[in-house]
Amino acid sequence: MTTPPTAEIPTQYDPAATEREWYSRWLAADAFKADPTRSRRAGGDRDPFTIVMPPPNVTAVLHVGHGLNNTVQDVIIRWRRMRGDETLWLPGTDHAGIATQNIVEKMLAREGKTRFDLGREQFVARTVEYVADTGGAILQQLRSIGASCDWTRTAYTLSPELSVGVREAFVQLYERGLIYRGHRVIHWCPRCLTSLSDEEAEHNDEMGALYHVRYAVLGEDNKWLTVATTRPETMLGDVALAVNPTDERYASLVGKRAILPIANIEIPIVADEYADPEFGTGVVKITPAHDANDYEVGLRHALPMPVIMNAEGKLENLSDAGERVPPELRGVDRFKAREIIVGILKESGALVRTEPHQHAVRHCYRCGTVVEPRLSDQWFVRMNELAAPALEGVRSGRIRVLPERWEAVYVNWLEGIRDWNISRQLWWGHRIPVWYCETNGCVTVSRDDVTQCATCGGPVRQDEDVLDTWFSSWLWPFSTLGWPDRSDVDLQAFYPTDDLITAPEILFFWVARMVMAGYAFMGDAPFHTIYLHGTVRDTNHVKMSKSLGNGIDPLDVVRLYGADALRYTVIAGMGMGADLVLDPHDLDRSFAPGRNFATKLWNIGRFLLTKVGDQPVAPVASITDSSLARSDRWIIARLNVAIAECDIAFGPARPSSGAWAPTQVHAGMRLNEYAESARRFVWNELADWYLESVKSRIAAGGEDGDVARAVLVHAFDGALRLLHPVIPFITEALWQRLPAREARDSELLCTAAWPQLTPQHGDADEFERVRECVDSLRAMRAEHAVPPGRMVHAVIVSTRTPELYTTEAALIGQLARATLTVGGRVDGPAMHALLPDGSDLVLSLGGLVDIEKERKKLEVELEQLEKQLGALRARLANESFTARAPAHIVDAERTKETDWAARVDGLHKKIHSLGAGH
RNA sequence: GGGCGAGUAGCUCAGCUGGUUAGAGCGCCUGCCUUACACGCAGGAUGUCGGGGGUUCGAAUCCCUCCUCGCCCACCA
């Protein structure tokens with residue numbers, strides 16, 4: 001790749017042009033394309049590193065939550081790419097059964113139609129068409145924030161390839177006895193007309209009412225049992241009243257019968273543990289078909305289970321209901337029916353009283369409709385057996401959960417796991433691979449389509465239902481790599497994957513289930529790290545969402561400030577697992593950190609590259625230590641520190657053995673710390689100090705000028721490499737303009753190597769004295785309100801390193817706008833006021849007066865430290881302490897003792913040397 | 001009802017296993033358009049680290065307790 005003349009660097013950074021150019025060059029170079037043959041697991045020479053993208057809904061458009069999630073993934077994947085791994089970031093979309101179906105249904109509603117008007121086949125065709133037209137737009141949008149996915153492997157949960165996996169998984173589980181047909185009360189959404197899993201029915205606390213209704217006891221004049229209920233609309237489905245067996249108040253009534261109001265039928269009074277004597281009146285009505293608990297009671301007492309409400313939530317006499325629902329209530333919606341029933345009860349005197357009552361109500365997670373418990377037939381996955389290895393995986397350290405606190409949530413959920421209802425009465429999704437024989441009713445579960453009954457050859461009919469969307473996404477880490485074809489080279493090269501990066505909201509829906517599926521179908525965990533990042537919120541801490549209108553469109557941010565500004569802002573602004581607060585009404589302010597930094601970096605590059613010029617520079621390693629200036633050694637050391645800090649912030653990419661060591665399990669993934677370390681280096685060290693300090697050397701040219709150019713390029717090259725994962729576009733654009741050096745390791749920064757530490761010999765800290773000196777002089781100037789244009793004269797009195805100040809006098813003078821005299825004496829206090837004639841100002845630094853002061857300070861410090869050391873030694877000498885305390889504590893205290901003793905020693909020496917200079 | 005998290009500068013937050021003077025960004029004040037950058041430069045102010053107790057030579061950091069927010073889970077009708 002050619003290096004354009006630096007003179008052509010535009011003064012203004014143009015994000016749009018830069019991003020367009022470099023993204024297409026990366027793609028043209030296949031920089032993001034994973035090569036399975038290079039993975040060690042497939043005989044290659046590189047460690048594989050894989051992230052599967054949490055697939056957004058196929059109909060989704062990019063919002064800031066996606067922006068955050070995918071930026072985090074991209075930072076990690078770019079980091080590993082630079083570290084030399086064979087990286088695969090696998091993108092894709094989820095068909096999102098219920099969500100997508102809702103969207104198409106809404107479109108139809110605008111045409112005045114329902115899905116039933118179209119019929120199943122046409123409706124699905126219509127949805128396919130819609131998805132083909134507009135679906136997957138989000139994947140295009142991800143390119144504009146710089147996502148370095150392997151787009152050649154883009155997957156889709158409803159694609160033919162992945163659908164093979166879905167059937168395989170269903171059949172395998174069925175054959176292992178882990179899938180069964182169950183008749184029980186499930187969560188039902190009367191609007192979506194489908195069942196939901198427990199996770200899909202969300203709790204919300206709501207104010208409702210507790211209605212106290214009395215039921216006459218049969219054969220006992222004027223005896224009543226009062227029941228407290230929140231859902232009187234279901235009472236027509238009552239089949240019993242229950243009291244606690246230990247409840248003496250009602251002991252005599254157990255076995256008798258009561259009259260169900262309105263329906264006027266007799267129901268038994270039973271004793272069951274489920275009734276809580278403390279709650280309400282201690283009497284509970286039992287409605288088995290419309291309450292999960294009541295269903296259990298119904299089973300225990302062999303009660304009938306009349307269904308009095310239809311799929312749409314309207315009262316109706318269905319199975320076993322007889323004539324329970326009177327004509328005037330038939331076809332009435334459940335909430336309207338509640339009003340009417342309460343009215344009737346009030347009129348008849350059966351309603352004793354009504355009290356306000358707060359309780360949790362479940363809602364459909366897709367449309368918000370209040371969920372109705374409903375007795376029906378569904379397919380379930382038996383979860384206990386699947387959960388065991390998923391628990392063990394985390395407990396053994398095979399998988400880590402970050403931040404740590406989510407591990408307990410994960411464990412808690414798996415320990416109390418319940419069977420998973422996987423059938424949905426929808427049309428959009430994977431049809432359940434079960435066929436029923438029309439003749440003998442026998443059931444065939446098959447990987448391939450079945451056209452006739454295997455036993456009698458009669459006609460068959462496929463189950464009408466589709467599978468829960470999550471039944472396909474839980475297979476994602478391996479279905480996207482070719483499973484069930486176990487010989488697929490991608491599967492061998494990249495499974496198990498490495499990090500799973502997502503928001504905590506889908507920990508149960510998706511993450512935990514993927515772990516279970518990984519063990520169940522692949523025999524191993526699907527990843528070793530679960531990283532759960534925070535949520536983007538507005539200034540009121542409300543989660544950003546399109547529907548609430550408080551969202552931020554990442555593409556707006558890209559348009560205004562560039563993708564790098566967006567990326568840097570979200571990465572630098574978010575501690576591990578912490579939420580990110582942004583103001584949707586003030587993008588300028590919200591994204592100032594990224595925008596400012598991007599501009600600054602561009603200007604640093606522009607200036608630096610102009611100064612350095614086009615001529616090749618020598619590698620820093622080839623420069624002898626004696627040729628390096630103090631500032632050279634310092635900036636090289638600072639780069640080393642920055643590299644080390646970034647490495648620590650990222651932490652280990654994978655466990656060194658099969659499981660995470662206790663010392664590493666919670667290390668790393670501090671992306672904000674990584675970003676801050678890199679920013680500090682390039683801005684506060686390279687730009688603020690080093691760049692300023694080499695101006696004159698480069699202007700002077702010669703051998704020293706070349707050394708400065710070489711170090712400048714070295715330091716900037718290191719900075720660009722460090723920053724590339726978080727701000728890929730600017731860094732790539734600038735890196736390409738660095739003057740040619742030997743051993744450039746890559747045509748593109750995105751595939752170049754992560755920086756290595758530079759070996760150092762000389763004292764890198766001497767330049768700190770220069771900085772301190774300049775800082776002091778600047779502070780003095782400000783204190784004395786010296787006009788900026790005015791030179792001052794400074795006298796530096798140094799008893800320790802006069803040579804340092806002599807050789808650096810010109811530099812210090814330049815940085816602090818001062819002329820310097822090194823040596824000589826200044827009497828009295830160190831700081832002088834303006835000279836009487838106002839013509840000049842003399843500032844002095846490091847005078848003898850300060851030495852006295854410093855000495856006193858050190859002596860105080862020494863005294864304190866010696867006292868502390870004494871206390872520590874006393875503790876260590878105390879036998880009961882060493883016996884009682886755990887070994888590692890004692891060891892830590894011993895280490896501390898050594899450290900402190902060394903510090904005491906150092907202080908003694910320092911004080912001594914001050915005295916010597918006196 | 002159970003569990004978890006947060007409360008540190010005006011705002012948003014870092015501060016890892018207790019150890020010199022508690023940090024950053026944004027905002028604010030003063031002065032500068034110093035031929036890379038005003039999306040900048042130089043200097044500066046601001047914190048009884050939620051309250052109270054305790055452990056320790058030493059606590060923002062560990063323990064107890066209280067207060068205020070937030071989140072997750074949950075079959076008390």
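The model shown is predicted, which means the values in this text are computed figures rather than measured ones. Lettering follows sequence order; numbering is per chain, from 1. Computation of the quantities below employed the complete heavy-atom set of this structure, encompassing side-chain atoms and omitting hydrogens, waters and symmetry-equivalent molecules.
- Here the straight-line distance linking atom CD of A:Q358 with atom CE of A:M207 works out to 6.0 Å at 0.5 Å rounding.
- Between A:Y13 and A:Y561, the distance separating the two ring centers is not shorter than 6.0 angstrom.
- Counting non-hydrogen atoms under 4.0 angstrom, A:E692 reaches a base of the nucleic acid.
- The nearest whole Å value for the distance from the CH2 atom in A:W406 to the P atom in B:C73 is 9 Å.
- A cation-pi arrangement, defined by a distance under 6.0 Å to the six-membered ring centre and an angle within 45 degrees of its axis, is absent between A:R184 and A:W420.
- Nucleotide B:U17 holds its C1' atom 12 Å from the CZ atom of A:R670, rounded to whole Å.
- Ranking B:A77, B:A36, B:G44 by closeness to the A:L691 side chain, first place goes to B:A36.
- Looking at heavy-atom distances under 4.0 Å, A:F508 makes contact with sugar-phosphate atoms alone, never a base.
- Put simply, A:R680 has no side-chain N or O that comes within less than 4.0 Å of OP1 or OP2 on B:G25.
- The listed nucleotides are B:A36, B:C39, B:A14; the one nearest the side chain of A:A687 is B:A36.
- At a threshold of 4.0 angstrom between heavy atoms, the contacts of A:H666 with the nucleic acid are absent.
- Among B:A77, B:G43, B:A36, the nucleotide with an atom closest to any side-chain atom of A:Y274 is B:A77.
- Judged by Watson-Crick or G-U wobble contacts below 3.5 Å, the nucleotide B:A59 has no partner.
- The pairing partner recorded for B:G25 is B:C11, the criterion being a Watson-Crick or G-U wobble arrangement whose two distances lie under 3.5 angstrom.
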